[in-house]
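Since the structure comes first, as structure tokens, the remarks are kept for the end.
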2 protein chains.
Amino acid sequence: MKVSKKAYYGLRASIALAQSDRPLSIRALAESEHLPEDYLEKILQTLRKAGLVEATKGVTGGYALARSPKETSAWDILHVLDGPIEMFNPPVKGALPCLQVSHCQTNQVWRTLEGKIEETLSDISLEHLSHNAR
Amino acid sequence: MKVSKKAYYGLRASIALAQSDRPLSIRALAESEHLPEDYLEKILQTLRKAGLVEATKGVTGGYALARSPKETSAWDILHVLDGPIEMFNPPVKGALPCLQVSHCQTNQVWRTLEGKIEETLSDISLEHLSHNAR
DNA sequence: ATAATTCGGACCAATTTAGTCCAATATTAG
DNA sequence: CTAATATTGGACTAAATTGGTCCGAATTAT
């Protein structure tokens, strides 16, 4: 039960983006946040593919949030980078392979847990996080 | 953001223990739950060192819950096996090494998150989980 | 005694995470 | 047009964690 560095870096970068009105290049982000540049690159690409940030190429290019900071939550970021909690979620939803009784019981725990996590993190917007930072 | 198999196995074993009034041997547990025996052994030892289960050696020995199922929660088990969420928790509590602003902001997120997780899982007792199983 | 059990530690394999590197492509400033 | 600055995409490697095994020693009921 642990948050990866990827998610940690990604959230920090997102907070930085939320505080800027212009696109920021990977280099600029990596420098100001002291994050490994090449790795951050991969992270931002993941966020872009998920539609959370937008990239523009070229000399004045860089990354910017796709939606406003108010409309982007910590959950959006973390869930894309760290994925959901999935122990043995069946490939096809609906058909739970419930051979062991205790297995099903734990499934119930994971579902409850993930629901709460989503609820909690969805309530934390990037706007909130970047305001508090000032 | 993910629950390990260790925690998954440990929780299942704990549910099984909650349903038994006699100590269960590792072998018996592993068989009934279809879990890898040698690995389960390590898990139960961890739980024992944390004071959650008690072991008795010898031919009629085995493991039993240290407290009643009602007084043992999913949080107790999972938190011991999967540890807390610690990104960059300072070795010495209280003195947060807050060089980067966004770093501190994320710390706030982790704390909030872990608080909610603890709250949620503490509410789920082994008794609850083993009753539903019937 | 002996069979069944936990204990403790060393060890290994597999997976995941973290991180690097580079050639290709796009864009803009000058 | 050209040079500089960006992202894109993919292959690759290194480090860490997780998952799992093995075994000899200690303990205890029969």
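Below, read A as the first sequence line, B as the second, and so on, with proteins coming before strands; counting in each chain starts at 1.
- Rounded to a whole Å, the CG atom of A/Asp82 is 8 Å from the P atom of C/dT17.
- Looking at residues two or more places apart in sequence or on another chain, you find no side-chain hydrogen bond (donor to acceptor under 3.5 Å, both in side chains) involving A/Ser125.
- A/Glu33 pairs by the side-chain hydrogen bond (donor to acceptor under 3.5 Å, both in side chains) definition with A/Arg12, B/Ser102, not counting sequence neighbours.
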Produce the list of close N/O pairs, under 3.5 Å, pairing protein atoms with atoms of nucleotides 15-17 of chain D; give distances to one decimal.
none

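- Going from atom CD1 of A/Ile26 over to atom P of D/dG9 covers 12 Å, rounded to whole Å.
- The aromatic rings of B/Tyr8 and A/Trp110 lie tilted to each other, with the angle between the two planes from 30° to 60°.
- The side chain of A/Ser4 lies closest to C/dT17, out of C/dT17, D/dT7, C/dC7.
- Taking A/Glu118 as the reference, A/Trp75, A/Ser122 meet the side chain to side chain contact (heavy atoms under 4.5 Å, CB included) condition, with sequence neighbours excluded.
- Annotation: salt bridge (Lys or Arg N to Asp or Glu O under 4.0 Å) contacts involving residues 69-80 of chain A, sequence neighbours excluded, comprise A/Arg67-A/Asp76.
- Within the nucleic acid shown, A/Leu44 has no heavy atom closer than 4.0 Å to any nucleic acid atom.
- Side chains of A/His128 and B/Gln108: a donor-acceptor N/O pair is present below 3.5 angstrom, by distance only.
- Screening residues 40-72 of chain A for ring pair (Phe, Tyr, Trp, His ring centres under 6.0 Å) gives no qualifying pairs among residues at least two apart or on separate chains.
- In terms of phosphate contacts, B/Tyr8 brings no side-chain nitrogen or oxygen within less than 4.0 Å of OP1 or OP2 of D/dT18.
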Inset, instruction - Scan nucleotides 25-30 of chain D nucleotide by nucleotide, 5' to 3', and note B when protein non-hydrogen atoms come under 4.0 Å of the base, S if they reach only the sugar-phosphate, - if neither. - result: --BBB-
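- In terms of heavy atoms, A/Ala13 sits closest to A/Leu29 at O-CD2, 4.1 Å.
- Counting only residues at least two apart or in different chains, salt bridge (Lys or Arg N to Asp or Glu O under 4.0 Å) contacts with residues 49-63 of chain A are absent.
- Bending across the helix from C/dA1-D/dT30 to C/dG30-D/dC1, expressed as the angle between its end axes from five pairs apiece, amounts to 20° (10° rounding).
- With hydrogens and angles disregarded, no donor-acceptor distance shorter than 3.5 Å links the side chain of A/Ser20 to the backbone of A/Ala16.
- Side chain of A/Thr72 to backbone of A/Pro69: no donor-acceptor contact under 3.5 angstrom is found.
- The stretch residues 19-32 of chain B participates, sequence neighbours left out, in these salt bridge (Lys or Arg N to Asp or Glu O under 4.0 Å) pairs: B/Arg27-B/Glu37.
- Between A/Tyr9 and C/dG19 there is a side-chain N or O to OP1 or OP2 distance below 4.0 Å.
- Of the residues in residues 35-43 of chain A, those lying under 4.0 Å from DNA chain D by heavy-atom distance are A/Glu41, A/Lys42.
- A/Ile85 places its CD1 atom 16 Å from the P atom of C/dT16, with the value rounded to the nearest Å.
- Rounded to an integer number of Å, the gap from A/Arg48 CZ to D/dA6 P is 17 Å.
- Put simply, CD on A/Gln45 is 13 Å from C1' on C/dC21, counting in whole angstrom units.
- Applying the side-chain hydrogen bond (donor to acceptor under 3.5 Å, both in side chains) rule to A/Ser4 yields the partners A/Asp82; only residues at least two apart in sequence or on another chain are considered.
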